[in-house]
Amino acid sequence: MTGRGAVGLGVPVLVAALLLGGCGTPRSGDLGPAPTAPPPSAAPAAGPTERPEPTSTRAAEPTPPPTNRPPSPSTGASTGTRRPDPVTIELWYVRAGLLVPTRRTRPATVATSRLALTELAAGPSPAEAASGMTTLLAAGVEVTRIADGVATLRVPSVGDTATRRLREAQVVWTLTQFPSVRQVRLDGAAPVDRTDYADLLPPIVVTGPTPGERVSAPLVVTGTATVFEATVSVRVLDAAGREVATGFGTASCGSGCRGGYRVVVGWRAVGEQKGTVEVYEVSAENGARINTMAVPVVLAPGG
């Protein structure tokens, strides 16, 4: 073979030798990183054991609102829904001719005004009745209309003037807790609000705890007051009447005006028993406890 033919033949031989030499141990990075998965078009058909996990379908489910509570038993995993939270309403009863508040927690409802009036007419619980609470509202009273922030209803006009006014005050103070009600129209008269019955509040109002509530230390006592130098005092008594805790705080407004207060008290561990939370004013004349509001409670163990 001539030199030109040898050279022509040598080029393919050399190329083949280089390609065959590439079959040895590859050097790192020569061909780049191996693909993590074949392209979708090249992927083999999945066998029976290669089906996606069932949990992958959860991405299509509605997401329930965040909550720290476990879902209720009636919650359906397929719908992602849960029962609405219960509603807590404030009820204003009568004690010693004045208005006093308490609370109820009931299943959620959109008819909160109807629920409130029904509970108000039903009367106090045994613990509330033991503290002197009563109601003057008869059953069957309902709101007939709520428009422009005014609730309209008829209230039985029975009893003397003082009784009728207390009954009206119960309704007004109870209904105006709701954002949709700013005033109440009673029996076709001009609308009224809480300020029209503010004189029926005692000097000290306790909004928490409520009668019969189970409490533990530290206990937060809340309410409103119009007392000397805005000073509100609290003491906790055990079942034997022994003083287990005391404290005091200042209302947001002093003498001659009503302000909110918040007093925190604590005590050493006690066994579960009946107790009393007393909220009172110290007399500027002789240091005696006056305008006392006593709330019967259950003292929980611990503290």
Side-chain angles (χ1 to χ4, degrees), residues 88-105 119-120 122-135 166 170 173-174 200-255 258-303:
T88 298
I89 56 176
E90 190 175 74
L91 304 175
W92 287 83
Y93 286 127
V94 174
R95 182 166 75 178
L98 297 172
L99 295 175
V100 289
T102 188
R103 293 190 300 272
R104 294 280 189 279
T105 299
E119 293 288 338
L120 195 63
S125 68
E128 293 162 349
S131 71
M133 290 185 181
T134 187
T135 185
L166 270 171
Q170 281 189 263
W173 274 77
T174 297
L200 294 178
L201 296 178
I204 297 175
V205 172
V206 181
T207 56
T210 56
E213 185 175 341
R214 188 173 183 268
V215 301
S216 59
L219 171 65
V220 179
V221 182
T222 58
T224 65
T226 171
V227 292
F228 179 69
E229 294 186 344
T231 302
V232 178
S233 298
V234 175
R235 67 175 188 159
V236 179
L237 310 177
D238 65 10
R242 293 185 294 262
E243 192 175 273
V244 298
T246 61
F248 68 92
T250 304
S252 59
C253 191
S255 302
R258 182 172 295 274
Y261 66 84
R262 181 180 186 274
V263 181
V264 181
V265 292
W267 57 87
R268 293 184 177 181
V270 297
E272 181 155 320
Q273 60 187 288
K274 292 182 178 181
T276 306
V277 176
E278 289 187 351
V279 187
Y280 58 93
E281 175 185 1
V282 176
S283 171
E285 295 181 1
N286 54 23
R289 291 187 294 273
I290 59 174
N291 296 319
T292 300
M293 295 298 290
V295 182
V297 295
V298 176
L299 303 179

- Query: Any side-chain heavy atom of Arg268 sitting closer than 4.5 Å to one from Val244?
  - Reply: no
- Message: I want to check something: taking the side chain as every heavy atom from C-beta on, are Trp173 and Leu201 in contact at a cut-off of under 4.5 Å?
- Response: yes
- Message: For Ala239, is there any backbone N or O sitting under 3.5 Å from a side-chain donor or acceptor partner on Gln273?
- Response: yes
- Rounded distance (nearest 0.5 Å) linking atom CG of Leu91 with atom CD of Glu128: 7.5 Å
- Message: Between Thr210 and Glu213 (side chain of the first, backbone of the second, donor and acceptor by atom type, cut-off under 3.5 Å), is there such a pair?
- Response: no
- Note on the structure: When every non-hydrogen atom of Ile204 is compared with those of Ala225, the smallest separation belongs to CG1-CB, 4.1 Å
- Message: Apply side chain to side chain donor-acceptor pair (under 3.5 Å) to residues Thr88 and Arg103 and explain how you reach the verdict.
- Response: CA-CA 7 Å; Thr88 298; Arg103 293 190 300 272; over 6 Å; no
- Query: Nearest heavy-atom pair of Gly266 and Ala217: which atoms, and what distance?
  - Reply: CA-CB, 3.9 Å
- Item | Closest non-hydrogen atom pair between Ala300 and Ser216, with its separation | CB-CB, 4.0 Å
- Task: Please list, chain by chain and in numerical order, all residues satisfying salt bridge (charged side-chain N to carboxylate O under 4.0 Å, His left out) with Glu272, sequence neighbours excluded.
- Result: Arg214
- Message: Within the structure provided, determine whether Arg289 and Ser233 are in side-chain contact (heavy-atom separation under 4.5 Å).
- Response: no
- Beyond-backbone contact of Val236 with Leu299, side-chain heavy atoms, under 4.5 angstrom: yes
- Do Tyr261 and Val205 have side chains that get closer than 4.5 Å, going by heavy atoms? no
- Do Val279 and Val232 touch side chain to side chain, with heavy atoms closer than 4.5 Å? yes
- side chain to side chain donor-acceptor pair (under 3.5 Å) evaluation trace for Thr222 with Thr207: CA-CA 6 Å; Thr222 58; Thr207 56; 3.0 Å; yes
- Message: What's the separation between atom OG1 in Thr250 and atom CZ in Arg262, rounded to the nearest 0.5 Å?
- Response: 13.5 Å
- Item | Least distance between heavy atoms, Gly259 atom then Ala251 atom | O-CB, 3.7 Å
- List in chain and number order the residues that pass side-chain hydrogen bond (donor to acceptor under 3.5 Å, both in side chains) with Thr276, two or more places apart in sequence or in another chain; answer none if no residue qualifies. none
- Is the closest side-chain heavy-atom distance between Thr102 and Pro124 below 4.5 Å? no
- Working to the nearest 0.5 Å, report the span between CG of Leu98 and CG of Leu166. 7.5 Å
- Message: Using a 3.5 Å distance criterion without hydrogens, assess whether the side chain of Thr135 forms a donor-acceptor pair with backbone atoms of Leu120.
- Response: yes
- Answer yes or no: is there a donor N or O on one side and an acceptor on the other, between the side chain of Glu285 and the main chain of Ser283, under 3.5 Å? no
- Note on the structure: Scanning both residues in full, the closest heavy-atom pair of Gly132 with Arg95 reads O-CG, 3.6 Å
- Note on the structure: By salt bridge (charged side-chain N to carboxylate O under 4.0 Å, His left out), Glu119 pairs with (sequence neighbours left out) Arg104, Arg106
- Message: Between Gln170 (side chain only) and Trp92 (backbone N and O only), is there a donor and an acceptor less than 3.5 Å apart?
- Response: yes
- Query: Considering only heavy atoms from C-beta outward, does the side chain of Val270 approach that of Asp238 to under 4.5 Å?
  - Reply: no
- Item | Shortest non-hydrogen separation from Pro202 to Arg258 and the atoms involved | O-NH2, 2.7 Å
- Without swapping roles, check the side chain of Ser252 against the backbone of Gly260 for a donor-acceptor pair under 3.5 Å. yes
